[in-house]
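Report on the structure given below.
Excluded from the calculations below are hydrogen atoms, water molecules and symmetry mates; all remaining heavy atoms, backbone and side chain alike, are included. Count residues from 1 along the sequence.
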Amino acid sequence: MNKRTAVVLSVIAAILLVFAASNIRQSGWTGPPARAITARGVLSDVEKANVEIFEKVSPSVVQVVTQTAANPLSEEQEGGSASGTGIVWDGDGHVITNNHVVQNATQVAIRFASGEAVRAEIVGTAPNYDLAVLRIRSARKLPPAVAVGSSADLKVGQFAFAIGNPFGLDQSMSSGIISALKRRLPTSSGREISNVIQTDTAINPGNSGGPLLDSAGRLVGVTTAILSPSGSNAGIGFAIPVDVVNRIVPELIRDGRVPTPGIGVVTANETVATRLGAEGLIVVRTAPSSPAERAGLRGVDLSTGELGDVITAADGKPVHRLSDLTDAIEQVGVGKKVRLSVKRDGSTRDVEVAVVDIGRAQ
């Protein structure tokens, strides 16, 4: 190959390299250049309020993980077979959650929003209210307690927010409204929680025990259950009103339990009363040596089937079902007396019955 030919081939090779490089830069293999970023506009006032609520409250919302004796927690892994949500209640390390979250648990772990996981112990439970109090054993730094509001002045239609751990996904926030008030919710203990809050705020398994907040970021309820054929959110969720929580939690911290106020009667449900044409709560029987027996209340005559007493009012408020009576008794409290209007043989009389802690006797 002569010198002239070598020069020509070198020039051709250089041209091919330049062409190839240009083709690579413009091919789909590298893709087009990144799009320019459009500046975000100013957040609306509603968005700012939502962000502020989450940033303020979320550090005080924790994940509660429980284990039973058959599947204990290990020091290496804080994962668990059951989990829910909890709320930092005070600076002493108390956390509130649902009773059904920690029911039958032998070990409990708390995971903070920071990712720190610590062990906790159960201080007390109140199955009648589906509430439980835990105490954190040790933590590097406790987040602040959630601000407590009131459920007495809630209005249907006002905004509501929930923060929790649905399906184990931590730190999730949902929003909605207060859908209804004064609902009644049965508990595993067989009693009903009264004045329960209904909300369409998305609540799913794992949210149990988390906060329901108002637009000021105050605690107005503790999420407890959903009504759903599929087991997932269907727009009907329930929360224990904070006024009940604020009354029960101090007793759990102090005594580990709450009294179960009662008078010692067994009653028929409202369906039976309706069928028999009785307007009120039919007394089936009274417990031996109970305040109801001592006050002279009389149950159904089992030999003849004849009705005894029908409770029509408690402290002046009509009684149509057992929850009406238990509400009145709880408002009176252990150690005091409730005034019952009792109908027998067509005539009505008032009788005072002492309220005692029937849970102590069980």
Practice problem: Taking atom CD of E279 as the centre, report whether more than 12 heavy atoms of other residues, nucleotides or ligands fall under 6.0 Å from it. | Solution: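 Open.
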Quiz item: Within a radius of less than 6.0 Å around CD of E116, do more than 12 heavy atoms belonging to other residues, nucleotides or ligands occur?
Solution: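 More than 12 within 6.0 Å, yes.
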Which atom names give the shortest non-hydrogen contact between [X] and [Y], and what distance separates them?
{"X": "D200", "Y": "G176", "value": "OD1-CA, 3.3 Å"}
{"X": "A120", "Y": "I110", "value": "CB-CG1, 3.7 Å"}
{"X": "P261", "Y": "V355", "value": "CB-CG1, 3.7 Å"}
{"X": "F54", "Y": "P59", "value": "O-CD, 4.2 Å"}
{"X": "V156", "Y": "S179", "value": "CG1-O, 3.4 Å"}
{"X": "T66", "Y": "A105", "value": "CB-CB, 3.8 Å"}

Self-check item: Test applied, side-chain contact (heavy atoms from CB on, under 4.5 Å); reference residue, M173; option that passes from I53, L213, V51
Solution: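 Exactly one option meets the side-chain contact (heavy atoms from CB on, under 4.5 Å) with M173, and it is I53.
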Quiz item: With W89, which of V146, V95, V133, N246 fulfils side-chain contact (heavy atoms from CB on, under 4.5 Å)?
Solution: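 Single side-chain contact (heavy atoms from CB on, under 4.5 Å) partner of W89 among V146, V95, V133, N246: N246.
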Do side-chain atoms of [X] reach the backbone of [Y] as a donor and acceptor pair under 3.5 angstrom?
{"X": "Q331", "Y": "A328", "result": "no"}
{"X": "T199", "Y": "I177", "result": "yes"}
{"X": "T106", "Y": "Q67", "result": "yes"}
{"X": "R294", "Y": "S289", "result": "yes"}
{"X": "N204", "Y": "P166", "result": "no"}
{"X": "S215", "Y": "F159", "result": "no"}
{"X": "T286", "Y": "A292", "result": "no"}
{"X": "D90", "Y": "D92", "result": "yes"}
{"X": "N98", "Y": "V101", "result": "no"}
{"X": "N165", "Y": "G206", "result": "no"}

Would [X] and [Y] pass as an ion pair if we require N to O under 4.0 Å?
{"X": "R339", "Y": "E352", "value": "no"}
{"X": "R344", "Y": "D309", "value": "yes"}
{"X": "R184", "Y": "D324", "value": "yes"}

[atom1]/[X] to [atom2]/[Y] distance, rounded to the nearest 0.5 angstrom?
{"X": "D301", "Y": "R285", "atom1": "CG", "atom2": "CZ", "result": "15.0 Å"}
{"X": "L212", "Y": "F161", "atom1": "CG", "atom2": "CZ", "result": "10.0 Å"}
{"X": "T201", "Y": "I178", "atom1": "OG1", "atom2": "CD1", "result": "6.5 Å"}
{"X": "T125", "Y": "I248", "atom1": "OG1", "atom2": "CD1", "result": "11.5 Å"}
{"X": "K343", "Y": "I311", "atom1": "NZ", "atom2": "CD1", "result": "14.0 Å"}
{"X": "E330", "Y": "S194", "atom1": "CD", "atom2": "OG", "result": "6.5 Å"}

Transitively linked via ILVMFWY side-chain contacts under 4.5 Å: [X] with [Y]?
{"X": "I263", "Y": "V334", "answer": "no"}
{"X": "V244", "Y": "I197", "answer": "no"}
{"X": "L185", "Y": "L154", "answer": "no"}
{"X": "V220", "Y": "Y129", "answer": "no"}
{"X": "I163", "Y": "V148", "answer": "yes"}

Exercise. State which residues pass side-chain contact (heavy atoms from CB on, under 4.5 Å) with A287; sequence neighbours excluded, sorted by chain then number.
Key: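 With neighbours one apart ignored, the set is S290.
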Test item: [X] and [Y] side chains (from C-beta on) under 4.5 Å apart, heavy atoms:
{"X": "I87", "Y": "L219", "value": "yes"}
{"X": "V332", "Y": "D315", "value": "yes"}
{"X": "V245", "Y": "I96", "value": "yes"}
{"X": "I282", "Y": "L307", "value": "yes"}
{"X": "V310", "Y": "L281", "value": "no"}
{"X": "V123", "Y": "L252", "value": "no"}
{"X": "D345", "Y": "E306", "value": "yes"}
{"X": "V118", "Y": "I136", "value": "yes"}

Quiz prompt | Intermediate values then yes/no, side chain to side chain contact (heavy atoms under 4.5 Å, CB included), T85 and V61 | solution = CA-CA 7 Å; T85 302; V61 180; 3.4 Å; yes
Practice problem: Kindly determine whether D350 and V342 satisfy side chain to side chain contact (heavy atoms under 4.5 Å, CB included), including the steps that lead there. | Solution: CA-CA 6 Å; D350 286 347; V342 179; over 6 Å; no
Practice problem: Dump the intermediate steps for side chain to side chain contact (heavy atoms under 4.5 Å, CB included) on N128 and V258, then the final yes or no. | Solution: CA-CA 9 Å; N128 290 342; V258 293; 6.0 Å; no
Quiz item: Just by distance, with hydrogens left out, do N207 and T223 show a side-chain donor and acceptor under 3.5 Å apart?
Solution: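 Absent: no donor and acceptor within the cut-off.
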Exercise. Applying side chain to side chain donor-acceptor pair (under 3.5 Å), run through D130 and T224 and close with a yes or a no.
Key: CA-CA 8 Å; D130 197 19; T224 183; 2.6 Å; yes
Quiz item: Where do L134 and V108 land on the side chain to side chain contact (heavy atoms under 4.5 Å, CB included) test, with the steps shown first?
Solution: CA-CA 9 Å; L134 314 175; V108 181; 3.9 Å; yes
Quiz item: Are R257 and D357 close enough, and set up right, to give a salt bridge (Lys or Arg N to Asp or Glu O under 4.0 Å), and what steps lead you there?
Solution: CA-CA 11 Å; R257 64 179 299 275; D357 181 7; 3.0 Å; yes
